[in-house]
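Only one structure is covered here, and it is reproduced in the block below.
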Number of protein chains: 2
Amino acid sequence: MTNDPTPPNQTPEDASERMDIRTIARLANVSIATVSRTINRVSTVNPKMAKRVWEVIEKLDFVPNTQARALVSGRSKLFGLLISEITNPFFPELIQGFEEIAVEHGYEILISSTNHDPKRMSHCIRRMLERKVEGVAIMTFGIEEPLLEQLAKRKVPLVFIDVGPDRPGISVLKVDYHHGIRQAVQHLAALGHRRIAFVSGPKLLHSAQSRLAAYTKSMHECGIVPDPGWIVEGDHTLEGGVAAMGQLLAQDDLATAVLCSNDMTAIGVLHKLYRTGLRVPDDISVIGFDDIHIAEVTIPPLTTIQMSRFEIAKAAFDALQSQVESPNQLIGKREFNISTSLIVRESTSYPRGTMEHLRKKST
Amino acid sequence: MTNDPTPPNQTPEDASERMDIRTIARLANVSIATVSRTINRVSTVNPKMAKRVWEVIEKLDFVPNTQARALVSGRSKLFGLLISEITNPFFPELIQGFEEIAVEHGYEILISSTNHDPKRMSHCIRRMLERKVEGVAIMTFGIEEPLLEQLAKRKVPLVFIDVGPDRPGISVLKVDYHHGIRQAVQHLAALGHRRIAFVSGPKLLHSAQSRLAAYTKSMHECGIVPDPGWIVEGDHTLEGGVAAMGQLLAQDDLATAVLCSNDMTAIGVLHKLYRTGLRVPDDISVIGFDDIHIAEVTIPPLTTIQMSRFEIAKAAFDALQSQVESPNQLIGKREFNISTSLIVRESTSYPRGTMEHLRKKST
DNA sequence: GCCCTTTGGGAAAGCGTTTTCGTACGACCA
DNA sequence: TGGTCGTACGAAAACGCTTTCCCAAAGGGC
């Protein structure tokens, strides 16, 4: 008598107690199976009953428990998104697109940032595994073999940006860095630049290495043999850009243009130049990569190479989803191509002296 | 005979099949209860058995299923983070801090961005409810009453930045905007500015309104009656800043300094000024708010008001956690104070003519 | 040596869903 | 009217884990 489980004078609408589909079922005078079917709009349920069920659901504003649902259905409706650094504006812009698409398709997304630390990666993956993500989009450096093994064993679909192991269940978003970078180099060459420096990204980051390779190739294509001294290592941060430009400035034979592996670097470069008293683009031209939003309003507005965040987000999501929805097909393996292209703004111009030279020539 | 559920010659290590604590239990010759106790380091379990269990777990690298765990324990270990716009660098910096602390305490975090659209808010909340978040940090505009009701009914702890309803289970992070903004106004006044304009943030955003109020108050404190024309509405975006400065520029009696409700606005303002050919700080001074990372390298480096992202993240997390861990105590209701302070860089200086004026005066 | 206490570990209930399977009922045709 | 479907609904078994409850065995006091 001391504990009475159900007080008799309890109104049916009393929402203070536990609320599950069982409660809904009781109140609507149907079975829980019918409630489930109604909610999921699956199978055929008599419109009359459905209406009754919906009414109760709305009255109590019942919200189904995704965890329970996931447990039994084996579908967590969760994707992981692994990025290198959330404070680089490129990623928030990408996240925005990815989230939008994911939500549209009923997925939720778990974001983790490795902060360029390979050790953090395994923790992130582990956490995602615990939450039973159905797939992971990896937009950071390469993954180590044991980790990859673990993911493969669990058959978690993966999508890599740019570079990834060639295995079933793994998609790779191929970015055509070369196109945009060649345009950039050609643009500079057409303006008269020959000494074009390159500030690279982190060594570990595949996409950064690809950009570097594209630079070298494009230079050769323009008939310029890049001097090793023109290539300095950055780390895709503002500070890295400042430091890299400092290095460049210390050289005897100053480059007349600098191509940066990303926009953050370029902004750092712009700043260092400003500090040094050099004018952009009068004294030196600068080109970025990514076309982050803020590049439009730097001083001067940054000429940069655009790579569509939305395109990437969409491709990554599609790759993941197609593997989840049709796991035994190989269509998930198809490769996606992301294009890049130059956007000319105001940070590029003729190298110093060229104008005079041209003018003299024309008279 | 057509479907044989368990092939007889199956090695015990075969990890291809379902893996749960039952499997572990079987392989370690203990009960599933012991496995659970071992994993959770709860109650006393014989070290010898524990070792056996851990060995099996590691051999199969078993990862417990958080969903199942959440279902039975009623603890999802999930917090929601609702922000207004992920592409504003302030938020990623905040997310980074929040995530770090959350992960440290075993929580995962679900991020949603309302994009300044109140309608999206209810969708976000709904999704979070479905995932059974244990608390939500709301860093966007105010929440509407019915939504709040829904959350209150489910007893979901909430923490608001700056402004929020006064209810049990709701914490509010009070930001002392006035301190930083008064410093800014005093700084400008000391330099000789009187005509100090203010570019506000979105009307709906409480924190933006508080900043505006702090500006007005600070102006009066400095003995300046702000002209209504000095106050123009921005929206905390780059474009908003550009537009707002355009409005200001169109006025007859141009302000000599402009204080912005956030750094993105200030960067827009800087850009517009650059476009117009006005020099900062020679012709006009600019001050931002937030001290986002990039403010250090704008041209010129932005004088701005700093508000610690980490402090906010930590306070928000603590508020949420304390309410979760001790739900019936009132300690969750205590208020947290966040300070702001001026960081002087190079976008502020004497108003045009003042230097000459001063010089003349001193001779 | 007996009884009581303490301690470690197992059995089983339950968390909130989905989903399979079975059944009752109405419709349709002969 | 009787038989055969097809359809709509309910009962119950999972999903993988935590946690309560209980029992066995060991230890200690008399």
Side-chain angles (χ1 to χ4, degrees), chain A residues 3 5 15 17-54 56-57 60-78 106 129-134 154, chain B residues 3 5 15 17-54 56-57 60-78 106 129-134 154:
Chain A
N3 67 0
E17 273 322 302
R18 193 165 56 231
M19 245 191 32
D20 49 17
I21 58 170
R22 193 145 35 235
T23 313
I24 306 295
R26 183 162 43 77
L27 262 37
N29 265 318
V30 296
S31 74
I32 59 167
T34 302
V35 177
S36 174
R37 279 192 280 254
T38 305
I39 291 175
N40 294 291
R41 296 180 168 76
V42 78
S43 167
T44 55
V45 32
N46 188 316
K48 194 155 182 168
M49 304 208 95
K51 184 159 170 282
R52 229 159 67 205
V53 171
W54 280 121
V56 177
I57 288 179
L60 305 195
D61 45 35
F62 165 72
V63 174
N65 182 333
T66 318
Q67 330 226 50
R69 188 181 290 201
L71 189 58
V72 48
S73 71
R75 300 288 312 271
S76 67
K77 288 293 204 164
L78 255 183
L129 251 24
E130 287 181 348
R131 299 277 167 181
K132 284 275 174 291
V133 292
E134 298 186 44
R154 291 181 169 75
Chain B
N3 67 359
E17 272 322 303
R18 195 167 51 232
M19 246 191 28
D20 50 18
I21 57 171
R22 192 147 35 237
T23 313
I24 307 294
R26 183 163 43 78
L27 261 37
N29 263 318
V30 296
S31 74
I32 58 168
T34 302
V35 176
S36 173
R37 279 191 282 252
T38 304
I39 292 176
N40 294 291
R41 296 179 167 76
V42 79
S43 167
T44 56
V45 33
N46 189 315
K48 194 154 180 169
M49 304 206 96
K51 184 159 170 285
R52 232 162 63 209
V53 171
W54 280 120
V56 177
I57 288 180
L60 304 196
D61 45 35
F62 166 73
V63 174
N65 183 333
T66 317
Q67 330 226 50
R69 190 182 287 205
L71 190 57
V72 49
S73 71
R75 301 287 313 270
S76 67
K77 288 293 206 162
L78 255 183
L129 251 24
E130 287 181 348
R131 299 275 169 183
K132 285 274 172 293
V133 293
E134 298 186 43
R154 292 182 170 75

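Protein chains get the first letters and strands the later ones, always in sequence-line order, with residue 1 at the start of each.
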(request) To the nearest 0.5 angstrom, please state how far the CZ atom of R37(B) sits from the CE atom of M49(B). (result) 10.0 Å

(request) Five pairs at each end of the helix from dG1(C)-dC30(D) to dA30(C)-dT1(D): take the axis at both ends and give me the angle between them to 10°. (result) 50°

(request) Look only at the side chain of T23(B) and the backbone of M19(B), and say whether a donor-acceptor pair between them is shorter than 3.5 Å. (result) no

Give me the distances for all protein-to-nucleotides 15-18 of chain C N/O pairs that come in under 3.5 Å?
| unit_1 | atom_1 | unit_2 | atom_2 | d |
| --- | --- | --- | --- | --- |
| dC15(C) | O2 | V72(B) | N | 3.4 |
| dG16(C) | OP2 | R18(A) | NE | 3.2 |
| dT17(C) | OP1 | N65(A) | N | 3.1 |
| dT17(C) | OP2 | I21(A) | N | 2.8 |
| dT18(C) | OP1 | N40(A) | OD1 | 3.3 |
| dT18(C) | OP1 | N40(A) | ND2 | 2.9 |
| dT18(C) | OP1 | R69(A) | NE | 3.1 |
| dT18(C) | OP2 | S36(A) | OG | 2.5 |
| dT18(C) | OP2 | N40(A) | ND2 | 3.3 |

(request) Write down the atom of R154(B), the atom of L60(A), and the distance for their closest heavy-atom approach. (result) NH2-O, 4.5 Å

(request) First locate atom CG of L71(B), then atom CG of L71(A), and finally report the distance between them rounded to the nearest 0.5 Å. (result) 6.0 Å

(message) Under 4.0 Å from a heavy atom of chain B: give me the 5'-most and 3'-most nucleotides of DNA chain D that qualify.
(response) dC15(D) to dT20(D)

(message) Just verifying a value: how many Å separate E134(A) CD and L78(A) CG, rounded to the nearest 0.5 Å?
(response) 7.5 Å

(request) For S76(B) and K132(B), indicate whether the former's side chain and the latter's backbone hold a donor-acceptor pair under 3.5 Å. (result) yes

(request) Could you tell me the separation between the CD1 atom of I39(B) and the CD1 atom of I21(B), rounded to the nearest 0.5 Å? (result) 6.5 Å

(message) Restricting to non-hydrogen atoms, name the atom on I32(A) and the atom on R22(A) that form the minimum distance, rounded to 0.1 Å.
(response) CG2-CA, 3.5 Å

(message) Can a donor-acceptor pair be found, under 3.5 Å and without considering hydrogens, that links the side chain of T38(A) to the backbone of T34(A)?
(response) yes

(request) For Q67(A) and R131(B), work out which heavy atoms get closest and say how close. (result) NE2-O, 3.8 Å

